[in-house]
Amino acid sequence: MIQSIRGMRDVLPEEGRRWRRIEDRIRDVLVGHAYEEIHLPLLEATELFSRGVGEATDIVEKEMYTLADRDGDSLTLRPEGTAGCVRALIEHGLLFNQTQRVFYAGPMFRYERPQKGRYRQFYQLGAEAFGFPGPDIDAELVLLGYQFWRALGVTDQVRLELNTLGSGQARADYREALVAYLTPLADRLDEDSRRRLTRNPLRILDSKNPETQALLADAPRLPDYVDADGQAHFDGLRRLLDAMEVPYVVNPGLVRGLDYYTHTVFEWITDTIGAQGTVCAGGRYDGLVERLGGRPTPGAGFALGLERVMLLLESAEGAGADSAADVYLCVMDPAHQAWALALAQKLRDALPAFRIRTHAGGGKLKNQMKRADQSGARFAIVVGEDEVARGAPALKHLREDRPQESLTVDALIARLSAAAD
Ligand code: HAM
């Protein structure tokens with residue numbers, strides 16, 4: 001039997017319902033902040049990521065799905081959305097003399113070791129803002145995350161970690177100092193960190209190895225290298241978050257795995273879903289547009305991993321609470337099928353927020369009612385001989401102990417509409 005590829009998951013109807021509900025809430029928050037949706041290709045030139053995300057990052061070094069197309073061009077399935085977004089906005093001249101606030105949603109691909117919350121195909125919702133140099137937009141982006149957790153009812157289960165990397169120059173100076181300090185100690189570093197020493201030394205700060213962490217205790221500290229402007233930017237962001245009463249912790253070890261960041265970096269982390277607890281992450285990337293061939297333009301953004309947000313909600317509220325439909329329409333006799341279909345259409349037109357499923361396949365009313373129950377619907381509507389003759393379908397309350405009602409179509413619409421509030 002042919003099976004799915006390791007690390008690539010099927011989302012089946014039950015999970016699909018929860019997925020839609022969660023994604024819709026997140027989208028509502030983004031749209032409510034006037035971010036505009038864009039759709040970008042899954043395949044890009046490999047060079048976009050080696051230049052954009054950075055040659056020395058784990059993603060580019062060992063996690064990309066890269067293939068040659070029939071012309072021999074090297075293409076890569078996008079491992080993240082920021083580089084492609086920047087490419088598209090430069091290509092279409094949308095960064096010149098204007099600002100942008102956009103979002104995107106879709107699958108990303110990384111050849112990582114699969115585990116709970118970490119997959120080889122995963123789904124991100126990302127937001128990016130361009131043309132804003134100040135900390136006000138950093139605050140807006142962080143607050144967007146906060147609004148997601150509010151909309152999903154999980155603010156008490158995520159924490160915000162923040163850091164600043166300073167300007168590109170500050171980051172380069174710090175990198176040099178860190179390498180100078182660690183090089184004579186290289187023998188005592190763990191293997192990964194030794195490799196990173198020449199390629200991507202800032203990531204050593206992330207090492208989980210206790211001996212490496214002990215060596216880092218006396219290393220030069222990133223905050224000491226942040227210049228005055230960088231510090232003022234970070235202080236500005238902190239003031240805005242304080243004013244909005246959004247709690248955070250400053251984590252000077254937070255450096256992020258992608259090379260494009262400058263100044264602010266942040267992560268929203270939960271302890272409830274295991275080792276892969278970062279549900280949303282991002283920061284500022286002021287040099288990226290220029291690095292990808294555009295004019296210097298400040299940028300900042302984040303992406304959240306939808307599968308991880310789903311795990312977070314599952315741990316918070318338990319799985320399987322969602323229904324497949326709100327209303328299940330039963331038809332007692334095939335002769336009334338057309339009447340019932342017309343009724344269903346009328347209800348859908350009048351009640352666009354309701355998911356109305358009509359019974360298909362005939363059968364006894366008892367079996368149809370069983371299906372209605374299994375769908376999780378709150379209401380069943382029954383159409384039979386009498387109902388058609390009187391133009392008054394029967395409404396049954398499936399989740400409450402209330403008598404069946406016989407209502408004209410208009411009364412039925414009013415009744416359901418009131419039940420939705
Ligand atoms: P990232 O930290 O690599 O950043 O990914 C963002 C989020 O995507 C992570 O916090 C996590 O929730 C989810 N994620 C990443 N890898 C996996 C995986 N293998 N399986 C499941 N979920 C995963 C970026 O991608 C940046 N482009 C974010 C950004 C946008 N920065 C600025 N703008």
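Ligands are counted one by one from 1 in listed order, and the atoms in each one are counted from 1 as well. Residue numbers run from 1 in the order of the sequence given. Note that this is a predicted model, so its numbers are computed, not measured.
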Structural part of R256 in contact with ligand 1, heavy atom criterion under 4.0 angstrom: side chain

Distance under 6.0 Å and angle within 45° of ring axis: R291 vs Y260: no

NZ or CZ of R357 within 45° of Y328 ring axis and under 6.0 Å: no

Y261 heavy atom under 4.0 Å from ligand 1: yes

Part of Y111 with heavy atoms under 4.0 Å of ligand 1, whether side chain, backbone, both or neither: neither

Heavy-atom nearest neighbour in the protein, as seen from atom 15 (C) of ligand 1, with distance rounded to 0.1 Å: F122 CE1, 3.5 Å

For atom 30 (C) of ligand 1, the protein heavy atom that lies nearest, with its residue and separation: T82 OG1, 3.0 Å

Residue A303 vicinity, atoms of ligand 1 by number, heavy atom under 4.0 Å: 6 (C), 7 (C), 28 (C), 29 (C), 30 (C)

Residue-ligand contact G117/ligand 1, heavy atom below 4.0 Å: yes

Within-shell test, Y285 vs ligand 1, heavy atom, strictly < 4.0 Å: yes

Which of the ligand 1 atoms, numbered from 1, are nearer than 4.0 Å to a heavy atom of E80: 25 (O), 26 (C), 27 (N)

Check: L237 main-chain N/O paired with D138 side-chain donor or acceptor under 3.5 Å: no

